[in-house]
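Let me begin by presenting the structure, written as structure tokens, before commenting on it.
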Amino acid sequence: FRYELDLAEVPESALLHLYASNLYHLKVNGVMVNMGPLRAFPEAARYDTHDLRDYLQKGRNVIAMKVLHDGVYNYQMPDMPGGFIAWGQIGGQDLATPGQWRCTRTEAYDPNTPKFSFATGPMEIYDARKDVPY
């Protein structure tokens, strides 16, 4: 997922709230900010809040999320549909999904990998040549 915005100046407040049902990596302007989410069951889902001010600059900015869905029950996450939700404001721009977020699917992860064990989660077979830069 990508959200692009132009800023006349770095705002005083730049909070992004987000939820991803399995795993996410958050980058702003190519810099890794964090990954998550906290472990939780769907009945008591938790969301993360990130202050993006230190990663923003005057001019063009890109917020990028890689969201992964394992598709298997393990001790970290139950098997549930993949999902991503975001909200917040930066410089008066609404970050709520779907809004101006763009989504691209990658073919870099093999969906047919063995579901190794409930304790370790699924094995990943990843082909970087097929990935979409984020």
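Residue indices begin at 1 and follow the sequence shown.
With sequence neighbours excluded, the residues forming a side-chain hydrogen bond (donor to acceptor under 3.5 Å, both in side chains) with T49 are H17, listed by chain and number. Considering only residues two or more places apart in sequence or on other chains, K130 meets the side-chain hydrogen bond (donor to acceptor under 3.5 Å, both in side chains) condition with none of them.
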Would you tabulate the side-chain donor-acceptor contacts of residues 5-12 under 3.5 Å, counting partners in other chains and residues two or more places apart, or write 'none'?
{"from": "D6", "atom 1": "OD1", "to": "R60", "atom 2": "N", "distance (Å)": "3.4"}

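Atom NZ of residue K27 and atom CD1 of residue I63 lie 14.5 Å apart, to the nearest 0.5 angstrom. Rounded to the nearest 0.5 Å, atoms CD1 (I85) and OH (Y47) are 12.0 Å apart. Atom-to-atom distance recorded for L52:CG and L26:CG is 6.0 Å, nearest 0.5 angstrom. With rounding to the nearest 0.5 Å, the separation of CH2 in W87 from CG in L95 is 11.5 Å.
Closest heavy-atom contact between Y55 and N61: O-OD1, 4.3 Å. Shortest non-hydrogen contact noted between L16 and A86 is CD1-CB, 4.0 Å.
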Hey, mind stepping through T106 and K66 against side chain to side chain contact (heavy atoms under 4.5 Å, CB included) and telling me if it holds?
CA-CA 10 Å; T106 180; K66 179 183 270 189; 6.0 Å; no
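Side-chain contact between V28 and H50 is absent, with no heavy-atom pair separated by less than 4.5 Å.
The hydrophobic clustering, which links ILVMFWY residues whose side-chain heavy atoms are closer than 4.5 Å, places V31 and V62 apart. Residues Y24 and V132 are members of separate hydrophobic clusters, defined by side-chain heavy-atom contacts under 4.5 angstrom among Ile, Leu, Val, Met, Phe, Trp and Tyr. F84 and L15 are members of different hydrophobic clusters when ILVMFWY side chains are connected at heavy-atom separations under 4.5 Å.
Ring-plane geometry between Y109 and Y126 is classed as tilted, the angle between the planes lying from 30 to 60 degrees on a 0 to 90 degree scale.
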